[in-house]
Amino acid sequence: MENNTPVQKKRVLSMIQPTGVFTLGNYLGALKNFVALQEDYDCVYALADLHAITVRQDPAAFRKNTLSAYAMMLALGIDPEKSVFFIQSHVSAHAQLAWVLNCYTQFGELSRMTQFKDKSAKHADNINAGLFTYPCLMAADILLYNADYVPIGADQKQHLELARDIADRFNGIYSPTFTVPEGLIPKTGARIMSLQDPTKKMSKSDENTASFITMLDTPNEIMKKFKRAVTDSEACVRYGEGKAGINNLMGIYSCITGKTYEEIEKEFEGRGYGDFKTAVGEVVVNELAPIQARYNELMKDKAYLEKCYTEAAPRAEAIARRTLSKVMRKVGYLPLGR
Ligand code: ATP
Ligand code: LTN
């Protein structure tokens, strides 16, 4: 007998902070995956602007970065019809659930988060409470939508594990409320390293702009940055220990072309690092060119961008409210009369 019941698609959720121009690391570690997943999953994506103020933001630049990040995500291929793509601060349930989850998370758990340790070392003059409890807000983002899968780069794995622990804990104290999410970390690209210090992750907040490629760098800038990328002295395109710089470039090349490391080694056999760096630069330039063209078009149409995020907010809100109401009821908050 034919079964005509539509199969309920699994839900994917992820977010990214609109704190500056996205890097090639953000793109290969997370954003590229966001786009591909839209085919087979019910996807919810957002700009995590509430998270962004854990580091001080200049109001005008922050507004501008948020709009620009929204346009960039559309330019990459996030489809605002197929997916729900909204801005976190437009849906108040995030902040509300985050408060509740704060009370189900231990000080010790938050103290172990490496991102907190890194960021508090980097911003020693502003170690605010939001920076500390940030993983509870991230857990709220995920759990509000009952996400099955969360595509992220490797650096977010620890936060996702905490979200799973919080979900398990809450479900255990009350009754099953939250879906316990799984991370989706790509095999290649999960940790793109700095071009200047390949033992550190590529980060958009690095002071040395030669260490990262942004999605808006010109072809000239991209070629120059790859040519200057730090490598070793072996001069043989081979993946291996002690070759962090070359491993990173091979990872980038592999991620974009789909070639395996063996195929890349064969392709560049007998050729030096110079040739290889040029080839990596060229594939990156070609990958980014159509995205940049779409981005420039979208940035000219502010009304369209506004329409997209304004329509997405109530769609997100409808899902989030349902979960939040359930949580409030289970915790024992007295509901309003009708
Ligand atoms: P910041 O430098 O401001 O801390 P960031 O560049 O690390 O920012 P996030 O906004 O924290 O970027 O990350 C957005 C997404 O991109 C996350 O899923 C994260 O795991 C992924 N990501 C960030 N940097 C890299 C990287 N170097 N390689 C792979 N994925 C990355
Ligand atoms: N913490 C993430 C951004 C983020 C996120 C989320 C990712 C906020 N909420 C929910 C996945 C799911 C970061 O800094 N990269």
Side-chain angles (χ1 to χ4, degrees), residues 8-17 37 41-54 84 86-117 128-185 313-336:
Q8 181 71 38
K9 284 188 185 169
K10 296 266 189 195
R11 173 156 304 145
V12 160
L13 175 134
S14 200
M15 300 197 185
I16 182 160
Q17 297 189 60
L37 290 163
Y41 296 93
D42 166 14
C43 296
V44 178
Y45 298 124
L47 295 179
D49 60 343
L50 294 177
H51 283 86
I53 66 159
T54 50
V84 178
F86 68 105
I87 296 176
Q88 187 188 28
S89 63
H90 293 165
V91 179
S92 58
H94 291 255
Q96 288 172 283
L97 182 62
W99 171 254
V100 176
L101 299 186
N102 268 324
C103 304
Y104 293 79
T105 308
Q106 299 303 304
F107 181 86
E109 291 178 303
L110 293 171
S111 311
R112 285 194 287 276
M113 296 293 118
T114 52
Q115 183 172 307
F116 171 69
K117 291 189 222 166
N128 60 76
L131 192 64
F132 188 65
T133 64
Y134 167 120
C136 297
L137 178 58
M138 176 160 162
D141 299 336
I142 299 169
L143 302 180
L144 274 176
Y145 297 88
N146 284 310
D148 297 289
Y149 299 110
V150 184
I152 38 171
D155 61 306
Q156 293 300 314
K157 193 164 170 250
Q158 201 185 22
H159 289 162
L160 183 76
E161 269 156 20
L162 182 60
R164 289 168 55 90
D165 290 345
I166 298 172
D168 271 331
R169 185 170 305 148
F170 194 95
N171 290 348
I173 298 174
Y174 302 98
S175 54
T177 310
F178 298 126
T179 303
V180 181
E182 307 267 349
L184 286 181
I185 300 177
R315 289 169 68 200
E317 171 98 31
I319 308 170
R321 273 290 138 212
R322 229 174 296 139
T323 312
L324 183 67
S325 305
K326 225 197 257 179
V327 169
M328 304 288 276
R329 190 164 29 82
K330 294 203 184 189
V331 169
Y333 285 115
L334 185 66
L336 264 176

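The shortest distance between side-chain heavy atoms of Pro181 and Leu160 falls below 4.5 Å. Within the 4.5 Å cutoff, no side-chain heavy atoms of Tyr174 are placed close to those of Val327. Looking only at side-chain heavy atoms (C-beta outward), Val180 and Asn171 come within less than 4.5 Å of each other. Between Leu137 and Gln88, some side-chain heavy-atom pair lies under the 4.5 Å cut-off. Annotation: side chain of Glu182 is in contact with side chain of Arg164 (closest heavy-atom distance under 4.5 Å). Within the 4.5 Å cutoff, the side chain of Leu50 has no heavy atoms near those of the Tyr134 side chain.
Considering only residues two or more places apart in sequence or on other chains, Phe86 meets the ring-ring contact (aromatic ring centres under 6.0 Å, His included) condition with His94, Tyr145. Scored by the salt bridge (charged side-chain N to carboxylate O under 4.0 Å, His left out) test, Asp42 finds Arg11 as partners (sequence neighbours excluded). By the ring-ring contact (aromatic ring centres under 6.0 Å, His included) test, Phe132 pairs with Phe107, Phe116, sequence neighbours left out. Applying the ring-ring contact (aromatic ring centres under 6.0 Å, His included) criterion to Tyr333, with sequence neighbours excluded, gives no partner residue. In this structure, the ring-ring contact (aromatic ring centres under 6.0 Å, His included) partners of Tyr149, at least two apart in sequence or on a different chain, are Tyr41. Remark: Thr114 pairs with Gln158 by the side-chain contact (heavy atoms from CB on, under 4.5 Å) rule, at least two apart or across chains. In terms of the side-chain contact (heavy atoms from CB on, under 4.5 Å) criterion, residue partners of Glu161 (sequence neighbours excluded) are, by chain and number, Lys157. With sequence neighbours left out, the side-chain contact (heavy atoms from CB on, under 4.5 Å) criterion links Thr105 to Glu109, Leu110, Cys136, Leu162, Ile166. For Asp155, the salt bridge (charged side-chain N to carboxylate O under 4.0 Å, His left out) partners two or more places apart in sequence, or in a different chain, are Lys201. Residues satisfying the side chain to side chain donor-acceptor pair (under 3.5 Å) test with Thr323, not counting sequence neighbours, are none. Taking Ala52 as the reference, Gln17, Pro18, Thr19, Gln57, Phe62 meet the side-chain contact (heavy atoms from CB on, under 4.5 Å) condition, with sequence neighbours excluded.
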*Which is it for Arg112 and Gln106 under the side-chain hydrogen bond (donor to acceptor under 3.5 Å, both in side chains) test, yes or no, and what are the steps along the way?*
CA-CA 10 Å; Arg112 285 194 287 276; Gln106 299 303 304; over 6 Å; no

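For Lys330, the NZ atom is densely surrounded, since the number of other residues' heavy atoms within 6.0 Å is greater than 12.
Counting only residues at least two apart or in different chains, salt bridge (Lys or Arg N to Asp or Glu O under 4.0 Å) contacts with residues 136-150 are absent.
Between the side chain of Asp49 and the backbone N or O of Ser89 there is at least one donor-acceptor pair closer than 3.5 Å.
For Ala163 against Leu143, the heavy-atom pair with the smallest separation is O-CD1, 4.1 Å. Minimum interatomic distance between Ala316 and Val91 (heavy atoms only, all atoms of both residues): CB-CG2, 4.0 Å. Closest non-hydrogen pair, Val100 versus Tyr104, comes out as O-CD1, 2.9 Å. For the pair Ala313 and His90, the tightest heavy-atom approach, listed with the atom from each and the gap, is CB-CB, 3.9 Å.
The CD1 atom of Ile142 lies 10.0 Å from the NE2 atom of His159; values are rounded to the nearest 0.5 Å.
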